[in-house]
Number of protein chains: 2
Amino acid sequence: MSEEVKFWHLRNHQLFWVLNNSQVRQLCIITNYKRAKKGEMIDFGEHESSRIYLLKRGNLKIVQVDEEGNELIVDIIQKGELFGSLNFGQDNGSYEYAQVLTDSVVLCSFNTADFERLLAEHPTLAISYTKLIGFRLKRIKNNYSNLFFKNTKERLIAFLTDWANREGRFTGNQVCIDNFLTQKEISQIICSSRQTTTQLFNEWEQQGLISYSRKEIMIKNLKELA
Amino acid sequence: MSEEVKFWHLRNHQLFWVLNNSQVRQLCIITNYKRAKKGEMIDFGEHESSRIYLLKRGNLKIVQVDEEGNELIVDIIQKGELFGSLNFGQDNGSYEYAQVLTDSVVLCSFNTADFERLLAEHPTLAISYTKLIGFRLKRIKNNYSNLFFKNTKERLIAFLTDWANREGRFTGNQVCIDNFLTQKEISQIICSSRQTTTQLFNEWEQQGLISYSRKEIMIKNLKELA
DNA sequence: TCCTAAATGCAAGTTACCCGACAATTCAAA
DNA sequence: TTTGAATTGTCGGGTAACTTGCATTTAGGA
């Protein structure tokens with residue numbers, strides 16, 4: 001990737017708007033670019049080598065692994081979002097990794113120590129960053145409350161609605177989403193079993209409300225799902 | 001409260017270690033102190049008037065209310081922890097409030113705008129703050145994964161273990177926790193029904209493993225709960 | 001093109017846990 | 001001390017959704 005392209009990747013990101021051009025040039029130096037293909041795993045790295053990532057293109061999932069080896073998809077990261085050792089590598093027990101969902105992703109990363117130094121030099125950046133993390137906290141809290149109050153069908157609807165609003169292409173009430181998730185993955189996101197999720201999709205399919213394929217999901221009208 | 005006491009409240013907090021004495025004195029000026037009694041509700045205040053709180057004494061619960069009015073306890077805040085508009089008041093939909101659990105609490109607070117200004121002046125403080133938020137994110141992610149992978153009994157054990165480690169007084173294997181929660185509240189924390197929680201406590205009580213009262217909870221041996 | 005592994009479809013058996021109902025107890029205020 | 005509200009104790013019915021198990025379809029590499 002050319003230096004110029006690298007520069008614009010960072011320059012265009014909301015987080016770095018507070019920096020001037022020469023500051024962004026400096027930032028380029030500590031930035032590491034990477035391309036990864038579908039299925040590839042990205043390890044945040046614990047401790048010293050921990051990194052913060054910025055996803056430039058594509059989507060990936062954040063998987064949390066508990067002490068018994070259970071895997072849970074805690075978040076879907078999309079273009080422009082940060083992930084990785086957001087708390088600067090001071091980890092407690094549980095382990096997380098990211099896995100690429102789309103055909104390929106482009107991402108850049110910083111060593112947490114470098115990034116921490118950068119924040120120390122640019123307080124306004126530190127505040128923007130803090131707001132981002134705060135927002136993430138809110139998102140997961142919301143998922144948490146969904147899990148308790150909504151049943152599986154409602155959670156699936158909430159997930160589809162959210163996804164459609166984030167990345168869907170609307171034509172009137174109809175919405176079309178580029179699909180990079182299997183039903184199994186969707187079930188892991190909404191905390192349900194694969195079979196239950198499949199069943200819900202088929203019910204809707206029979207009612208002509210939805211059309212699911214590995215390439216795309218078409219929904220006639222989000223409000224009619226029930 | 002005397003100025004000197006106020007000073008030491010802030011001086012002793014981990015978050016402000018990076019500041020020197022005169023900086024802490026300045027911080028005192030923008031700080032608002034408050035005492036609140038059991039049951040009292042603390043509204044973070046949306047938008048302009050939003051505040052960040054630091055709990056100096058006691059415990060309180062953070063309750064999230066969704067658009068249908070359902071209430072969920074998303075976190076228990078204890079001495080020394082921050083809560084409130086941690087994401088600087090940029091709120092999305094859902095509403096949160098805090099309610100005092102112990103007989104009384106002492107807390108100090110800052111206007112988010114003031115606090116933001118403070119962070120801008122002290123980048124190292126901004127980093128400490130970010131780490132705190134990151135840690136909170138981790139905690140809720142952990143609860144989230146518990147909710148999916150563990151059954152009610154396991155979640156109750158996890159909660160009690162966590163509580164005991166945070167605030168319990170150990171005597172060998174036995175641990176005694178000052179109790180400020182009703183069984184209903186505990187059930188709301190572990191995302192269960194009141195009846196199921198009661199039943200679990202009674203089972204353990206009959207086995208002589210635990211002794212529950214409104215004042216304290218005694219557990220013979222955390223590892224024997226099963 | 002074939003071939004294998006992954007993804008999807010379908011059904012019946014099982015169960016953890018919610019929910020309603022009500023009694024007994026505790027607590028705090030009057 | 002009384003009184004009423006909140007908390008705790010106990011029971012059983014109902015059910016959403018998990019599980020197990022297998023058949024079918026799809027996708028992607030050799």
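Chain naming here is simple, since letters A, B, ... match the order of the sequence lines and numbering starts at 1 in each.
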Within the pair N202(A) and dT8(C), is there a side-chain N or O less than 4.0 Å away from OP1 or OP2? no

Tell me the interatomic distance from [X], atom [atom1], to [N], atom [atom2], rounded to whole angstroms.
| X | N | atom1 | atom2 | answer |
| --- | --- | --- | --- | --- |
| L200(A) | dT8(C) | CG | C1' | 14 Å |
| I217(B) | dT8(D) | CD1 | C1' | 14 Å |
| Q183(B) | dC27(C) | CD | P | 12 Å |
| Q199(A) | dT15(D) | CD | P | 16 Å |
| N179(B) | dT8(D) | CG | P | 8 Å |
| F180(B) | dC27(C) | CZ | P | 18 Å |
| K184(B) | dC27(C) | NZ | P | 17 Å |
| L147(B) | dC18(C) | CG | P | 10 Å |

For a quick check under 3.5 Å, do Q183(B) and T198(B) share a side-chain donor-acceptor pair by atom type? yes

Just checking, is any N or O donor in the side chain of N59(A) or E167(A) under 3.5 Å from an acceptor N or O on the other one? yes

Y144(B) and Q64(A): CA distance, side-chain angles, deciding distance, side chain to side chain contact (heavy atoms under 4.5 Å, CB included) verdict: CA-CA 10 Å; Y144(B) 187 60; Q64(A) 194 181 48; 6.0 Å; no

Under the salt bridge (Lys or Arg N to Asp or Glu O under 4.0 Å) rule, what pairs show up with a residue in residues 208-217 of chain A, not counting sequence neighbours? none

Answer with base, sugar-phosphate or nothing: what part of the nucleic acid does F148(B) contact at a heavy-atom distance below 4.0 Å? nothing

Can you list everything that forms a side-chain contact (heavy atoms from CB on, under 4.5 Å) with K153(B)? Sequence neighbours excluded, please. N151(B), I157(B), L200(B), E203(B), W204(B)

Can you sort out the partners of N165(A) under side-chain contact (heavy atoms from CB on, under 4.5 Å), two or more places apart, ordered by chain and number? T161(A), F170(A)

Restricting to nitrogen or oxygen on both sides, can you table the protein-nucleotides 12-17 of chain C pairs closer than 3.5 Å?
from	atom 1	to	atom 2	distance (Å)
dC17(C)	OP1	T152(B)	N	2.7
dC17(C)	OP1	T152(B)	OG1	3.2
dC17(C)	O5'	T152(B)	OG1	3.2

Whether Y53(A) and F83(A) hold their rings parallel, tilted or perpendicular, with breakpoints at 30° and 60°: parallel

Are the side chain of [X] and the backbone N or O of [Y] linked by a donor-acceptor pair below 3.5 Å?
| X | Y | result |
| --- | --- | --- |
| Y212(B) | N202(B) | no |
| D66(A) | N70(A) | yes |
| R11(A) | F16(A) | yes |

What bend angle does the helix from dT4(C)-dA27(D) to dA30(C)-dT1(D) show across its length, from five-pair end axes and to the nearest 10 degrees? 60°

Sequence-aligned protein contact record of nucleotides 21-30 of chain D, with B where the base is within under 4.0 Å of a protein heavy atom and S where only the sugar-phosphate is: B---------

Just do the salt bridge (Lys or Arg N to Asp or Glu O under 4.0 Å) check on E81(A) and R139(A) with the steps written out, would you? CA-CA 13 Å; E81(A) 290 188 328; R139(A) 193 157 87 194; 2.9 Å; yes

